[in-house]
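First comes the structure, then the notes that go with it.
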Amino acid sequence: MDPLTAAMKVAASGMSAQSERLRVVSENLANAQSTGRTPGSDPYRRKTITFASELDRASGVSTVDVADIARDPSAFPVEYQPGNPAADANGYVKTPNVNVLVEMADMREANRGYEANLQVIKQARDLISMTIDLMRN
Amino acid sequence: MQPVNLFDLAAQQARWLAVRQSVIAGNVANVNTPGYRGVDVKPFSAVLDDTTVTMQATQPGHFGANKASAEMAAFRQEDDSTELVPSGNSVQLEDELMKAADVRRAFDLNTAIVKAFHQMMMQTTKA
């Protein structure tokens, strides 16, 4: 495979991995206040995503793919809200283990990775058009 | 056209630059992959040193056949002096973008030279 086409393919795999990560971040942010419904039940558990590099056998370059979307096993913080329907006998409600600041940092990092991949695609396209321009006068 | 070596040289450098661009793309795509170590290609001068005048072969696998493309694909693990993040990833996004800018500049120069040379040849044929 032509190396420049391979470069675009790799960058596209990076973009899809980063957008998957952005999807997980948005799920976490949307559910940052999702408590359980019945007294004492568990609230939303934060999702985590990991990437793994894969060797693309057709072109011999390493693409990236989502390895796993797992759940964050950390403990749920509790809040004293006796009026909440999810409150237990002592009036405490388990809230999701989502830290909005961490999610924001994750979002910015995904954004940065996506932009870098986009830049690589743009440049590979420019290199191809430079080569095609050789045929023009 | 044997005496004019320039086109061959320029094509070889363009191939090397394209391979380097795809390697940079691999590094950028894996910027958040745990345990991924950045790679790079051998410098062009090293690739050029390895390509000498070889015997003509009827099969690519024969003794003394041209092995330039295989040499170019040989990736070099980057040295361990680059700082590592806790996930064990050694890719520095800024360095990769600098390398990409380098590739772009070299490719621009390369195509400009080929174009100029081509125009010179056309001038002689048209005159």
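Order of the sequence lines fixes the chain letters, A, B, ..., with proteins taken first and strands second; residue numbering starts at 1 for each chain.
- Of the two parts of R112(A), the backbone and the side chain both hold a non-hydrogen atom closer than 4.5 Å to a non-hydrogen atom of chain B.
- Of the two parts of T63(A), only the backbone, made up of N, CA, C and O, holds a non-hydrogen atom closer than 4.5 Å to a non-hydrogen atom of chain B.
- Minimum interatomic distance between S22(B) and V61(A) (heavy atoms only, all atoms of both residues): OG-CG1, 3.9 Å.
- Rounding to the nearest 0.5 Å gives a distance of 4.0 Å between CZ of R104(B) and CE of M130(A).
- For the atom pair CD (E96(B)) and CD (Q119(A)), the distance works out to 13.5 Å, reported to the nearest 0.5 Å.
- The distance from atom CD1 of I132(A) to atom OG1 of T111(B), rounded to the nearest 0.5 Å, is 12.0 Å.
- Put simply, F76(A) and V102(A) are part of two different groups of oily side chains (I, L, V, M, F, W, Y) that touch within less than 4.5 Å, one to the next.
- The CG atom of N32(B) lies 4.5 Å from the CD atom of E109(A); values are rounded to the nearest 0.5 Å.
- For G14(A) against A29(B), the heavy-atom pair with the smallest separation is CA-CB, 3.9 Å.
- In the hydrophobic clustering of ILVMFWY residues, with side-chain heavy atoms under 4.5 Å counting as a link, L17(B) and V19(B) come out together.
- At least one donor-acceptor pair closer than 3.5 Å links the side chain of Q123(A) to the backbone N or O of A100(B).
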Any chance you could lay out the side chain to side chain contact (heavy atoms under 4.5 Å, CB included) test for S62(A) and N30(B), step after step, and finish with the verdict?
CA-CA 8 Å; S62(A) 44; N30(B) 284 294; 3.9 Å; yes
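- One distance of note links CZ of R15(B) with CG of D2(A); it measures 11.0 Å at 0.5 Å rounding.
- For V28(B), the parts lying under 4.5 angstrom from a heavy atom of chain A are both the backbone and the side chain.
- The candidate from L93(B), N110(B), V31(B) with the greatest count of non-hydrogen atom pairs under 4.5 Å with chain A is L93(B).
- For Y92(A), the OH atom is loosely surrounded, since the number of other residues' heavy atoms within 6.0 Å does not exceed 12.
- Within a 6.0 Å radius of CD in Q33(A), no more than 12 heavy atoms belonging to other residues, nucleotides or ligands are found.
- Atom CG of residue D126(A) and atom CZ of residue F107(B) lie 10.5 Å apart, to the nearest 0.5 angstrom.
- With a 4.5 angstrom heavy-atom cutoff, A112(B) does not touch chain A via any of its atoms.
- Most heavy-atom pairs under 4.5 Å with chain B, from the set L4(A), L127(A), D56(A), I128(A): that is L127(A).
- Proximity to chain A involves both the backbone and the side chain of D108(B), based on heavy atoms less than 4.5 angstrom apart.
- When every heavy atom of T33(B) is checked against every heavy atom of S53(A), the shortest pair comes out as CG2-N, 3.4 Å.
- One hydrophobic cluster, built from ILVMFWY side chains closer than 4.5 Å, holds both M8(A) and Y114(A).
- For A17(A), no part sits under 4.5 Å from any heavy atom of chain B, backbone or side chain.
- Atom CZ of R71(A) is surrounded by more than 12 heavy atoms from other residues, nucleotides or ligands within 6.0 Å.
- In the hydrophobic cluster analysis, where Ile, Leu, Val, Met, Phe, Trp and Tyr join through side-chain heavy atoms closer than 4.5 angstrom, M120(B) is grouped together with L134(A).
- A continuous path of ILVMFWY side-chain contacts below 4.5 Å connects V39(B) to F44(B), so both sit in one hydrophobic cluster.
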